[in-house]
Colleague: 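What follows is a single structure, and I will ask about it in a moment.
The first residue of the sequence shown is numbered 1, and numbering continues consecutively from there. Keep in mind that what you see is a predicted model, and the values were worked out from it rather than measured.
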Amino acid sequence: MATYKERMSLLHKYAKLHLVKYGSKPTHNLNAEQWAADRLVDSYGLVESYDLLEYYFTATETPSWRHFANQAERVYDALDAQRKDLQERIERRKMAREWLNG
């Protein structure tokens, strides 16, 4: 089970991203939503949850905490696919450079 500090840290990270995107603080109840944050931190870890949240804000036009909490697995799958694609592109560039140089 995630600690209270970790749960609130994830919710505050969401609040910061929400403030940047919308210009206002979110209105969700922190005490109620901490349990969703607990599930996320337990499932993905705190750092990966931060990464998921940041990716979610860049990929979604109208991000919300409830939607993020409910769709975290899909966000994770999309972020994982993007990371794999980036790694494959790096490997292909390296192979192309080797082929051209040698």
Side-chain angles (χ1 to χ4, degrees):
M1 183 171 201
T3 65
Y4 177 79
K5 185 177 179 179
E6 291 172 330
R7 293 189 301 256
M8 289 299 136
S9 177
L10 184 59
L11 287 167
H12 287 352
K13 177 74 168 179
Y14 172 81
K16 287 179 184 178
L17 293 169
H18 188 276
L19 181 63
V20 169
K21 177 115 178 148
Y22 294 114
S24 65
K25 292 184 178 181
T27 58
H28 60 259
N29 182 340
L30 290 177
N31 292 322
E33 299 303 335
Q34 71 174 322
W35 305 114
D38 180 64
R39 286 192 331 267
L40 291 166
V41 172
D42 282 348
S43 296
Y44 303 107
L46 186 60
V47 174
E48 186 70 13
S49 295
Y50 285 161
D51 292 344
L52 290 174
L53 195 53
E54 290 173 0
Y55 177 75
Y56 175 72
F57 266 82
T58 60
T60 306
E61 288 188 29
T62 57
S64 72
W65 172 257
R66 178 57 54 197
H67 186 256
F68 170 69
N70 290 333
Q71 301 296 323
E73 185 174 351
R74 293 177 75 195
V75 175
Y76 178 80
D77 291 343
L79 180 59
D80 189 47
Q82 182 186 31
R83 287 175 177 165
K84 286 178 182 176
D85 180 60
L86 180 62
Q87 186 62 34
E88 288 176 5
R89 288 171 188 254
I90 289 170
E91 290 173 10
R92 287 183 188 142
R93 283 188 202 121
K94 181 180 175 185
M95 289 172 49
R97 251 186 258 118
E98 290 173 357
W99 182 75
L100 288 171
N101 293 331

Colleague: Should the pair W65 and Y14 be assigned to parallel (<30°), tilted (30 to 60°) or perpendicular (>60°) ring geometry?
Modeller: perpendicular

Colleague: For M1, I'd like to know if atom CE has over 12 heavy atoms of other residues, nucleotides or ligands within 6.0 Å.
Modeller: yes

Colleague: Just how far is it from atom CE of M95 to atom CD1 of I90, taken to the nearest 0.5 Å?
Modeller: 14.0 Å

Colleague: Any sub-3.5 Å donor-acceptor pair from E6's side-chain atoms to T3's backbone N or O?
Modeller: yes

Colleague: Check E88 with K84, please: is the shortest side-chain N to carboxylate O separation under 4.0 Å?
Modeller: no

Colleague: Can you name the nearest heavy-atom pair linking F68 to S49, along with the distance?
Modeller: CZ-O, 4.3 Å

Colleague: Could I get the full list of ring pair (Phe, Tyr, Trp, His ring centres under 6.0 Å) partners for Y55, not counting sequence neighbours?
Modeller: none

Colleague: Could you measure the distance from the NZ atom of K13 to the CG atom of L52? Nearest 0.5 Å is fine.
Modeller: 12.0 Å

Colleague: Kindly say whether S64 contributes a backbone atom to a donor-acceptor pair with the side chain of H18 at under 3.5 angstrom?
Modeller: no

Colleague: Name each donor-acceptor pair under 3.5 Å that joins a side chain in residues 69-77 to protein atoms two or more places apart or in another chain, with its distance.
Modeller:
from : atom 1 : to  : atom 2 : distance (Å)
N70  : ND2    : R66 : O      : 3.2
Q71  : OE1    : R74 : NH1    : 3.3

Colleague: Does atom NZ (K21) have a neighbourhood of more than 12 heavy atoms from anything else shown, all under 6.0 Å?
Modeller: yes

Colleague: Does R7 reach the side chain of L30, with side-chain heavy atoms less than 4.5 Å apart?
Modeller: no

Colleague: Under a single-linkage definition using a 4.5 Å side-chain heavy-atom cutoff for Ile, Leu, Val, Met, Phe, Trp and Tyr, are W35 and L46 assigned to the same hydrophobic cluster?
Modeller: no

Colleague: Just wondering, are more than 12 heavy atoms of other shown residues or ligands nearer than 6.0 Å to OH in Y4?
Modeller: no

Colleague: Run T62 and Y22 through side-chain contact (heavy atoms from CB on, under 4.5 Å) and show every step you take.
Modeller: CA-CA 9 Å; T62 57; Y22 294 114; 3.9 Å; yes

Colleague: Between E48 and L79, is a side-chain contact (heavy atoms from CB on, under 4.5 Å) present by the stated rule, with each step listed?
Modeller: CA-CA 10 Å; E48 186 70 13; L79 180 59; 4.2 Å; yes

Colleague: Is there side-chain contact between M8 and L11, with heavy atoms separated by less than 4.5 Å?
Modeller: yes

